[in-house]
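Each chain gets a letter, A, B and so on, in the order the sequences are listed, and its residues count up from 1.
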Amino acid sequence: MENKTETTPEPKNFVREIIDEHIRIQRFDKHIHTRFPPEPNGYLHIGHAKSICLNFGIARDYNGKCNLRFDDTNPSKEEVEYVDSIKEDVRWLGFQWDSELYASDYFEQLYEYAVQLIKKGKAFVCDLTGDEIRKYRGTLTEPGKESPYRNRSVHENLQLFQQMREGKFPDGTKTLRAKIDMNSPNINLRDPVMYRILRATHHRTGDAWCIYPMYDYAHGQSDSIEKITHSICTLEFEDHRPLYEWFIKELGIFLPQQIEFARLNLSYTMMSKRRLLQLVEEKIVNSWDDPRMPTISGFRRRGYTPESIREFAERIGVAKRDNTIDVALLENCLRDDLNKHAPRMMAVLKPLKVIIDNYPDNQVEELDAVNNPEDENAGSRKIPFSKTLYIEQDDFKEIPPPKYFRLTPGNEVRLRYAYIIKCESIVKNDRGEVVEIHCTYDKDTKSGTGTSQKKVKGTIHWVSASQAIDAEVRLYDRLFTVENPSGDDWKKYLNPNSLEVLTNCKLEPHLANAKIQERFQFERLGYFSVDYDSTKEKLVFNRTVTLKDTWAKIEKK
RNA sequence: UGCCCUGUAGCGUAAUGGCUAUCGCACUUGACUCUGGAUCAAGGAAUUUCAGGUUCGAAUCCUGACAGGGCAGCCA
């Protein structure tokens with residue numbers, strides 16, 4: 001776990017205020033103990049990252065502990081693949097849990113607790129079907145009706161519950177229910193189901209059980225068993241808190257404090273786990289870790305740093321009101337981090353050939369290039385310069401728009417770390433497209449020599465043709481075209497141009513040794529990282545994020 | 001229409017009854033620049049949802065309205 005420096009003020013939010021107050025009044029005598037409780041039924045997304053940073057961050061700052069507990073009470077949806085990915089993602093974010101636990105670790109204890117509640121007359125076996133339970137529950141505005149099975153004797157309930165466990169009844173034919181209040185205005189208190197009969201192989205307990213506890217019954221007791229002091233969850237569980245506390249109080253066991261906060265919403269992003277699954281299953285994206293996915297593994301593959309995501313989680317704060325964070329804030333956190341740490345390189349994504357007519361035919365110069373102007377220790381490297389180069393197609397315009405500072409016929413521009421060149425003539429193909437530019441260079445303008453006072457407005461990047469290495473570059477854009485892609489027709493907001501694959505990119509030779517996941521800034525273009533698909537023979541880069549582009553903004557106007 | 005929660009610049013967020021309502025992102029302008037990047041400087045933007053009340057003093061406390069969100073799985 002990373003260390004907090006003295007210069008970072010502790011983030012203040014209402015959750016920490018509650019904890020501070022609990023410490024002041026000594027509500028919990030020992031340490032602060034939180035937990036991150038994912039259900040292993042999907043991959044973690046950026047919204048989970050908020051929760052992870054909250055829970056682990058509190059444990060870190062209060063010298064407490066944080067468990068990783070899998071809420072694995074529904075074997076029909078859960079898989080080890082998800083367990084593994086979740087662990088990897090939490091670790092990658094930079095956190096280490098104190099204990100790795102599973103709600104299924106407590107199945108026996110939970111069963112015992114249920115027996116206790118039956119003995120107290122607080123739970124009963126119900127024979128109502130799913131449909132009937134729904135009808136008996138009433139509605140938001142009408143009270144419910146008591147189940148006809150509600151008044152079975154303790155003895156009968158004990159026997160039936162044991163038989164449920166033993167597999168005497170088919171799936172769905174009986175439930176164990178808490179006996180609370182069918183008239184409660186809080187629907188969660190209308191005799192909620194505690195156990196259902198479900199024959200499914202559990203990823204950890206196999207076929208040992210055919211009854212499984214419901215979330216409401218399992219979660220609080222799991223917290224209690226682990227002596228979690230602060231059980232932090234999202235807003236939709238607010239109405240469940242009375243039930244959470246009811247079970248624990250009836251059982252007479254340790255009572256944690258549940259605190260609810262507002263989940264993260266991100267603009268141009270969809271966070272529904274179910275729909276994310278759909279994107280993967282319907283092959284709208286390539287995988288859970290497709291760089292367009294808002295999953296942690298997607299961000300990782302795209303080239304995001306864990307530091308930037310942690311910083312993001314801190315900057316967005318924690319509160320109870322619904323919120324939508326501008327995805328630009330996330331990108332800002334990323335650029336902040338990458339700007340300081342990513343080495344700069346030259347890469348031409350859409351090449352246009354430039355020939356320096358007055359440059360000696362077979363000469364190759366090795367020019368000095370700074371690796372990172374933001375980091376003195378990053379040093380410098382040599383890049384080859386020769387008569388034939390590639391520049392970016394966008395960096396030449398035959399008919400320049402206003403305020404265009406790049407190469408145009410008869411005009412000069414600086415080649416980064418090299419010379420000032422002047423466009424003398426252009427060559428077009430049959431279709432009238434510019435395919436080659438002839439220039440002359442001014443040899444007194446070599447970078448770093450200071451022999452010429454000549455100033456030009458524009459500086460462009462380039463790559464020497466004969467030394468350039470080839471690569472594929474994948475350009476990603478937002479997955480959705482609207483800020484809030486919700487509703488049943490959310491798929492019509494998918495961005496058809498969310499991925500553009502460029503196969504003819506030219507990179508400076510230094511990049512030949514780039515390792516998978518390594519991050520670079522391609523000067524003037526953005527930050528790029530090496531994709532998992534990359535090999536020595538065929539380099540593949542992902543565009544993680546563009547640089548801020550003032551020109552693009554001007555162009556739009 | 002029952003219960004619960006939430007309303008502070010475009011988006012987030014701070015204020016804990018006391019100066020002119022904080023900070024970040026976004027936006028605008030300027031400086032600088034061999035990345036139209038980074039950096040620096042400046043600026044616009046909030047009658048704190050509304051209406052009453054308590055108080056010398058209210059974003060904050062009270063009452064009422066209005067608006068938004070959540071809840072009727074044998075999902076979590």
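Among the heavy atoms of the strands, none lies under 4.0 Å from A:Phe312. Here A:Leu547 lies in heavy-atom contact (under 4.0 Å) with a base. Contact annotation for A:Tyr417: base contact, defined as any heavy-atom pair under 4.0 Å involving a base atom. When heavy atoms are screened at a 4.0 angstrom cut-off, A:Ile133 is found touching base atoms of the nucleic acid. As judged by a 4.0 angstrom heavy-atom cut-off over every strand, A:Thr73 is placed among residues touching the sugar-phosphate backbone only. Using a 4.0 Å heavy-atom cutoff across all strands shown, A:Thr550 reaches sugar-phosphate atoms only and no base atom. The residue A:Phe237 sits close to a base: some heavy atom pair falls under 4.0 Å. The residue A:Lys403 sits close to a base: some heavy atom pair falls under 4.0 Å. Contacts of A:Leu176 with the nucleic acid, taken as non-hydrogen atoms under 4.0 Å apart, are absent. Among the heavy atoms of the strands lying under 4.0 Å from A:Lys446 is at least one base atom, whether or not backbone atoms are also near. Nucleic acid contact class of A:Leu140 (heavy atoms, under 4.0 Å, all strands): base. Residue-level contact check: A:Arg344 touches the bases, meaning some heavy atom is under 4.0 Å from a base atom. Across all strands, A:Glu39 comes closer than 4.0 Å only to sugar-phosphate atoms, never to a base (heavy-atom distances).
Contact annotation: A:Arg416 does not reach the phosphate of B:G37 (side-chain N/O to OP1 or OP2, under 4.0 Å). Taking only side-chain nitrogens and oxygens, A:Lys457 never comes nearer than 4.0 Å to OP1 or OP2 of B:U33. When the side-chain nitrogen and oxygen atoms of A:Arg321 are compared with OP1 and OP2 of B:U13, one or more of them lie within a distance under 4.0 Å. Between B:A76 and A:Arg196, a contact under 4.0 Å exists linking OP1 or OP2 to a side-chain N or O. Taking side-chain N and O atoms only, A:Arg241 has no distance below 4.0 Å to OP1 or OP2 of B:C71. A:Lys548 has no side-chain polar atom (N or O) that falls below the 4.0 Å cut-off from OP1 or OP2 of B:G36. For the OP1/OP2 pair of B:U13 and a distance below 4.0 Å, the side-chain nitrogens and oxygens of A:Lys12 include no atom meeting the criterion.
The side chain of A:Leu329 has B:C25 as its nearest neighbour among B:C25, B:A72, B:G70. The side chain of A:Glu238 has B:C4 as its nearest neighbour among B:A26, B:C4, B:U35. Looking at the side chain of A:Thr324, the nearest of the listed nucleotides B:C74, B:A14, B:C11 is B:C11. For A:Ile554, taking side-chain heavy atoms from C-beta onward, the closest of the listed nucleotides B:C5, B:U35, B:G36 is B:G36. Residue A:Thr175 has its side chain nearest to B:C74 when only B:G12, B:A72, B:C74 are considered. Side-chain proximity of A:Asp326 to B:A26, B:C5, B:C75: nearest is B:A26. In the set B:G24, B:G36, B:U1, the nucleotide with an atom closest to the side chain of A:Asp549 is B:G36. Residue A:Met214 places its side chain closer to B:G73 than to any other of B:G73, B:G36, B:U35. Closest to the A:Asn339 side chain, of the nucleotides B:G36, B:G37, B:C71, is B:G37.
Counted within 6.0 Å of CZ on A:Arg165, heavy atoms from surrounding residues, nucleotides or ligands total more than 12; the atom is thus considered enclosed.
Remark: the separation of the P atoms in B:G10 and B:U48 is 13 Å, to the nearest Å. Look at the P atom in both B:U22 and B:C5: the space between them is 30 Å, to the nearest Å. With both ends at atom C1', the span from B:C50 to B:A58 equals 16 Å, rounded to whole Å. When the C1' atom is used for both B:A15 and B:A72, the distance is 39 Å, rounded to whole Å. For the C1' atoms, the distance from B:G18 to B:G70 is 37 Å, rounded to whole Å. B:U54 and B:A41 have their P atoms separated by 47 Å, given to the nearest Å. Here the separation of B:A67 from B:A76, taken at their C1' atoms, is 29 Å to the nearest Å.
Judged by distance alone, with hydrogens and angles left aside, A:Glu260 brings no side-chain donor or acceptor close enough to the base of B:G70 to form a pair under 3.5 Å. Contact annotation: side chain of A:Arg406 to base of B:G36, donor-acceptor pair present below 3.5 Å. For A:Asp239 and B:G70, a side-chain-to-base donor-acceptor distance below 3.5 Å is present, hydrogens and geometry of angles not being considered.
At a cut-off of 3.5 Å, with distance as the only test, no side-chain donor of A:Tyr419 or A:Glu412 sits close to an acceptor on the other residue. A donor atom on one side chain and an acceptor atom on the other are not found under 3.5 Å apart for A:Asp442 and A:Thr445.
Every stem involving RNA chain B, taken as at least 3 paired positions in a row under the Watson-Crick or G-U wobble test at 3.5 Å, is listed here: B:2-7 with B:66-71, B:10-12 with B:23-25, B:27-31 with B:39-43, B:49-53 with B:61-65.
Between A:Glu226 and A:Arg35 there is no salt bridge, since none of the side-chain N atoms of the basic residue sits less than 4.0 Å from a carboxylate O of the acidic one. Using a 4.0 Å cut-off between charged nitrogen and carboxylate oxygen, A:Asp336 and A:Arg315 count as a salt-bridge pair. With respect to the salt-bridge test (charged N to carboxylate O, under 4.0 angstrom), the residues A:Lys179 and A:Asp191 do not qualify.
The side chain to side chain donor-acceptor pair (under 3.5 Å) search around A:Asp181 returns none, not counting sequence neighbours.
Here the rule is side-chain contact (heavy atoms from CB on, under 4.5 Å) with A:Glu331, and of A:Asp326, A:Thr546, A:Val545 only A:Val545 fits it. Of the residues A:Asn339, A:Thr305, A:Asp337, the one that meets the side-chain contact (heavy atoms from CB on, under 4.5 Å) test with A:Tyr527 is A:Asn339.
Stacking of the aromatic ring of A:Trp551 onto the base of B:G36 is found: the ring centres lie under 5.5 Å apart and the planes are inclined by under 30°.
Side-chain atoms of A:Lys50 come within 3.5 Å of backbone atoms of A:Ala262 as a donor-acceptor pair (strictly under, hydrogens ignored).
Between A:Ser464 and A:Phe385 the shortest side-chain heavy-atom distance does not fall below 4.5 Å.
Ring-centre distance between A:His219 and A:Phe237: not below the 6.0 Å cut-off.
Between A:Pro294 and A:Phe299 the shortest heavy-atom distance is O-CE1, 3.3 Å.
Heavy-atom distances under 4.0 Å link RNA chain B to no residue of residues 163-170 of chain A.
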